[in-house]
Each structure stands twice: as C-alpha cells, then as structure tokens.
Participant: 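Below is one structure. I have some questions about it.
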Amino acid sequence: MSEATPRNSKTLSPADSGRDVSVKGWAQEIRNLGGISFLIIRDRHGIVQVTAPKKKVAPEVMTVLGGLSRESVVKVTGVAKAAEQAKGGVEVVPSSIEVLSAAASPLPMGVVDKVNVEADTRFDNRFMDLRRPEARAVFEIKSMVLDLIGDFLTGEGFLEVFTPKIVASGAEGGATLFQLKYFEQMAYLAQSPQLYKQMLMSTGLDRVFEIGPAFRAEHSDTVRHVSEFISFDGELAFIDSMNDVLDVVERCCQSVIGGIVKNAAPQLETLNASVTVPRAPYPVIEYCDAVEMVQGTGMHIDLGDDLGTEGEKALGEIMKEKGHDMYWIVEYPEEAKPFYIMEKDGTPYSYSFDLDYKGQEISSGGQREHRYDRLVQRMQGKGLDPSAFNFYLDAFRFGMPPHGGWGLGVERLVQKMLDLPNIRETILFPRDRIRLVP
RNA sequence: GCCCUGGUAGUGUAGCGGCCUAUCAUGAAGCCCUGUCGAGGCUUCGACUCGGGUUCAAAUCCCGACCAGGGCGCCA
C-alpha cells in the first residue's frame, strides 16, 4: 500500500476517488446511525466527511469513532470515495483514525450548536469562538485589508515605518495615556504615531505610513471603542493643501474596498456580507454645513459644537439617501482640534478633516502647522508646556516642509465595511475598559 | 464617568410572590437505527450571581455588592 496523500477540505476532490488520503482537523460532529457512522472533520477551509459503514470498516476504528468527543483533533487515513450525498461530492472511508488531542467535555461553548452564544461568552472563550468560520473570516479579510493598504501606498511612493510605542509624552496631553514604568523613568504607551511621523517629514523621507497598535486610556464603553487598536497612519510632505491628503486617503480606501470585493468573495459569503465600493469622489462637507444638515433633522446642536454620535449618525442617514457611504467633513473649529493642526487664518476653523463611513468616523487628519512659532503658540494655547516637546519641536526649527497626514482606524474600517455590530468582532483578543483577558 | 436594561443547567432561554420537585431548546451519557439531514426516536443528567431585608411563603418584591448588555460623553 502506498503512502496516504495528505488532503484537506480544500484540496480533497472527487478526483481523488480511490486514492489513499489522510485528513486532519477537529471532529465537529459525530453521528452514529448504527450500521453506519459519519464524522465531520473541520479544518481552516471547510469540512470533510468521513463515512464509516460498519461492514467495511475495522471494529477498532468504529470503537475510536464511537468514543470521540466533539472538537477533538484527529487524523483520519482512508480511501477517498466520490459520493453524491457528501458535501463536496467526496468522502473518506477510514482505515485508521488517530486522536491527536482529545477534547474535554462539556465544551465551554458550542461551535456548531443550534443556540446563540452571547458575545461575552464568546470572547471569554475566543479560541473556541474562532473555530467558527464566520468568526475567522473577519480576520482573513482584515489581513487582506492590511495587504491592500501596503500595496497601494507602496505604489504611491510611501515608505513603511515603525515608530516607538513606548513614549515619554503623548500627542494630546496626558489624559488618555496608559502609564508604565520604564526602568527609572515614567513612560506611556503611544496613543498615536503623530509626533514621530511628523518629525520624519523633516528628514527627506517625505511620504511615510505606519500600521501599528495605538493605545487609548479613554473611559469609552461603546461598540466602536477599544483600548488597543490598529492605527493606519500616513504623512506626506510638500503638500500644496489639505486636498493632497484627502486625495491619497480616498484613493487608498477605494483601492482597499475594491480589492476586498474582488478577492474576498469566499469570506464575504461565509459572513453573508455584501460589500459595495463607495461612490467616488467622496462628497466634501464643510463643518458649518454639516451642523446645518444635522440641525435640519430637528436635533439641537450649535455652531462650534461637536457633531456628536447622534449627529454623525443623522448625517450618515442623509448621505446614505444621497447614495454616499463615504464622505468628508472638513474645516472643523480649530479649538476642537489638537495643537499640531493648521488654523485657517482669519476664521475660527482649521485645515482638518474627518472621513466618515456609514455614519461613523473612521479617519481624521489635516494639514499640519509646520511653522515653528505658530506651533509653539498653539501648544501654549492648549495649555501644554512646549519644553516637554523639545524632541519634537526641534524638527521644526531646522527646515520643516509643509505637510499633512491622517490616522485611520483599521478595525473601524473593517467593522463598517462588513456592517459588523461591534468593533470587537474585528479584534482577535479585544482590550476594552474591563476586558484584559484573554 | 452618566443614563437605561438585565443576571436561571456547559450554552441560549421561559417563569416575575404559593400552581417550581423551575419550562423549552441545545449539550452530555446511554439505547435503537446503513446514507446527508439543523438526521430521527426513547431514557437519563444538569441551573435560580452573591449578601442583607420584606413576607406565613422569594427565582419572583426591596436594598447593596459584583458581573454583563445597550445608549451618551470622548475619539481611530
């Protein structure tokens, strides 16, 4: 007898009929009908049916089959056989079955049970939850999104960089920073690569992007906030205006979503999700107009106020009716924006933008203040001590080109693209106000 | 941090003062069954978050703690 050919749910096909094959995976379901037993083996790509007619299979194999617990890891060797009744049109008649790892019972949650499992139970048992194809599909798509981002920006002449995640000061002051001991000093987990990517603009690396973790100690408790997320940041120098930034981000988003529509059909089907590429160009709504639009829905909001979650949602509805999933909101009041944003002189506004996707902010950015004196002024105006930022400010004293950039929440993009109810679905092991384990 | 809602077998739920020795489904254990189906049939197992209080009587009402879900604020 020749060596069995390794196969999985993807590679096994009716063409293997008659061949000795081996398959490995989790025992998803065991059904014993008396004279015939079925074992459904699940692997990364799908399932393989093992069919064991009592008359044709050795008694010791039947015994192992009968004693299998669900979710045990097994290796089955046997003869592939084309069979119309089996999914995929092929099944395996076992000659041996090896239990590589027996699963304990009861399971903390069912993988294919006919009952719902609450999100909290799922995240407590995430390793088990991720055995569900629809949970895993999100991460296959997320991985593709990251690849697509890298491909697009590399093609645009951007350099991928990595800035420190252990830092001495934050971009927005100290309120939302996680503090940690750094040998004999105090340090923080970076809430954004903002200061570092800007410093790079003074180096000649005039187009950079970074995809990495960002940490926020905000006491937020919503379906779109977590304490640790993947931030996709970019910065580009020698811009003529903020529009140069919008242009890159917009084409990047189109490229990413288009790539998912094109390449992720199996995952989208698993998720029962339909993704459509947003209509471009994305409408550009000035902040003042956005406020008016929100007021028009009957909500109370004053010029100068933040749109608020409900305002954002209302705006999302209005834009949806106009056929737009993605749109820009630009020129926010400078007062509401961080020190590094450039003011629109002679007005209370600023060269800043948000990118909203289906009523939720997924990205923000703007043109930066590259003039040293004005930057220091803005810092002081925000109650920050410029001397704490000397490492940053020095980069502005010796030749800093005009520049701008953005930060985009990768998980928010994935969440909205797939219409997932909670951002936690897009994070393997989410960190939020209360969850630190697993 | 504020507001609202909720905590019942491994999982998801019903019950909301005495009909509770707590419902149903799923699951687990066992038996019957040779073909695809969320396979089916029969039997069994398994739970009221914790601490006070009210009451003749509490899963059920009240208070507190803890935990969870949703909304808001804040932001990616």
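What's counted below: heavy atoms across the whole structure, side chains too, no hydrogens, waters or symmetry copies. Here the structure is a predicted model, which means the values were calculated and not measured.
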Participant: Report the nucleotide, chosen from B:U13, B:C72, B:G35, that has the shortest atom-to-atom distance to any side-chain atom of A:Glu118.
Facilitator: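 Of all the options, the side chain of A:Glu118 is nearest to B:U13.
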Participant: Would you call A:Arg378 and A:Glu343 a salt bridge, taking side-chain N to carboxylate O under 4.0 Å as the test?
Facilitator: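 Answer for the salt bridge query: yes.
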Participant: Check every atom of B:G73, B:G10, B:A76 against the side chain of A:Pro106 and return the nucleotide holding the closest atom.
Facilitator: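 Closest of the options to the side chain of A:Pro106: B:G10.
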Participant: For a quick check, tell me whether the side chain of A:His225 and the base of B:C74 share a donor-acceptor pair closer than 3.5 Å.
Facilitator: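 Under the 3.5 Å cut-off, the side chain and the base do form a donor-acceptor pair.
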Participant: Looking only at side-chain atoms of A:Ile434, point me to the closest of B:G69, B:G1, B:U34.
Facilitator: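 Given the options B:G69, B:G1, B:U34, the side chain of A:Ile434 is closest to B:G69.
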Participant: Between B:G35, B:C72, B:A76, which nucleotide has the shortest distance from any of its atoms to the side chain of A:Glu310?
Facilitator: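 Closest nucleotide to the A:Glu310 side chain: B:C72.
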Participant: OP1 or OP2 of B:C72 versus the side-chain N and O atoms of A:Lys313: is any pair under 4.0 Å?
Facilitator: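 Checking A:Lys313 against B:C72: at least one side-chain N or O falls below 4.0 Å of OP1 or OP2.
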Participant: From the set B:C72, B:G69, B:A76, return the single nucleotide nearest to any side-chain atom of A:Arg224.
Facilitator: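 Shortest atom-to-atom distance from the side chain points to B:C72.
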Participant: Using atom CG of A:Asp432 as one end and atom C1' of B:C75 as the other, report the distance to the nearest whole Å.
Facilitator: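 For the pair A:Asp432 CG and B:C75 C1', the rounded distance is 15 Å.
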Participant: Remember a base hit wins even if backbone is also touched, and classify A:Lys55 as base, sugar-phosphate or nothing at under 4.0 Å, heavy atoms.
Facilitator: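 Here A:Lys55 touches the bases of the nucleic acid.
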Participant: Decide yes or no, distance alone: a donor-acceptor N/O pair under 3.5 angstrom between the base of B:C75 and the side-chain of A:Arg412.
Facilitator: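 Between B:C75 and A:Arg412, which were checked side chain against base, a qualifying N/O pair under 3.5 Å is present.
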Participant: Can you identify which nucleotide, out of B:U26, B:C37, B:U34, has its nearest atom closest to the A:Arg31 side chain?
Facilitator: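 Taking heavy atoms from C-beta onward, the closest nucleotide is B:C37.
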Participant: Could you check how far NZ of A:Lys87 sits from P of B:G35, rounded to whole Å?
Facilitator: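 Going from A:Lys87 (NZ) to B:G35 (P), I get 18 Å.
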Participant: Assign A:Asp221 to base, sugar-phosphate, or nothing according to its heavy-atom contacts below 4.0 angstrom with the strands shown.
Facilitator: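 Base, at least one base heavy atom under 4.0 Å.
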Participant: Taking only side-chain nitrogens and oxygens of A:Thr309, does any of them come within less than 4.0 Å of OP1 or OP2 of B:G71?
Facilitator: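 Checking B:G71 against A:Thr309, no side-chain N or O comes under 4.0 Å of OP1 or OP2.
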Participant: Please tell me if A:Thr121 has a side-chain N or O lying less than 4.0 Å from either OP1 or OP2 of B:G12.
Facilitator: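 The answer is yes; a side-chain N or O of A:Thr121 sits under 4.0 Å from OP1 or OP2.
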Participant: What nucleotide among B:G69, B:G73, B:G1 has an atom nearest to a side-chain atom of A:Ser220?
Facilitator: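 Of the candidates, B:G73 comes closest.
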Participant: Is any N or O donor-acceptor pair between the side chain of A:Glu91 and the base of B:G35 shorter than 3.5 Å?
Facilitator: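 Yes, a donor-acceptor pair under 3.5 Å.
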Participant: Any idea which of B:G71, B:C75, B:G35 is nearest the A:Glu218 side chain?
Facilitator: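 The nucleotide sitting nearest to the side chain is B:C75.
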Participant: Looking at every strand, decide which applies to A:Thr222 at a 4.0 Å heavy-atom threshold: base, sugar-phosphate, or nothing.
Facilitator: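 The answer is base, as A:Thr222 lies within the cut-off (heavy atoms under 4.0 Å) of a base atom.
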Participant: Heavy atoms under 4.0 Å, any strand shown: does A:Leu107 hit a base, just sugar-phosphate, or nothing?
Facilitator: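 Counting heavy atoms under 4.0 Å across all strands, the contact made by A:Leu107 is with sugar-phosphate only.
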Participant: Check whether any side-chain N or O of A:Arg70 sits under 4.0 Å from OP1 or OP2 of B:A28, and answer yes or no.
Facilitator: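 So the side chain of A:Arg70 is within the cut-off, an N or O lying under 4.0 Å from OP1 or OP2 of B:A28.
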Participant: Have a look at A:Asn422 and say if it touches a base, only the backbone sugar-phosphate, or nothing, with a 4.0 Å heavy-atom cut-off.
Facilitator: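 Counting heavy atoms under 4.0 Å across all strands, the contact made by A:Asn422 is with sugar-phosphate only.
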Participant: Closest nucleotide of RNA chain B for A:Gly110 versus for A:Glu228: which of these residues is on the 5' side?
Facilitator: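 Closer to the 5' end of RNA chain B: A:Gly110.
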Participant: Checking contacts here: which listed nucleotide (B:G70, B:G35, B:G69) is nearest the side-chain heavy atoms of A:Leu33?
Facilitator: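 When the side chain of A:Leu33 is considered, B:G35 is the closest of B:G70, B:G35, B:G69.
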Participant: Side chain of A:His219: nearest nucleotide among B:G1, B:A28, B:A76?
Facilitator: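 Nearest nucleotide to the side chain: B:G1.
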Participant: Under 4.0 Å, heavy atoms only, any strand: does A:Arg433 hit a base, just the sugar-phosphate, or nothing?
Facilitator: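 Base: the residue A:Arg433, judged by heavy atoms under 4.0 Å, touches a nucleobase.
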Participant: Are any of A:Asn116's side-chain N or O atoms less than 4.0 Å away from OP1 or OP2 of B:A25?
Facilitator: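 Checking A:Asn116 against B:A25: no side-chain N or O falls below 4.0 Å of OP1 or OP2.
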Participant: Looking at A:Gln360, A:Glu361, A:Arg224, which one forms a side-chain hydrogen bond (donor to acceptor under 3.5 Å, both in side chains) with A:Thr309?
Facilitator: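 Option passing the side-chain hydrogen bond (donor to acceptor under 3.5 Å, both in side chains) with A:Thr309: A:Arg224.
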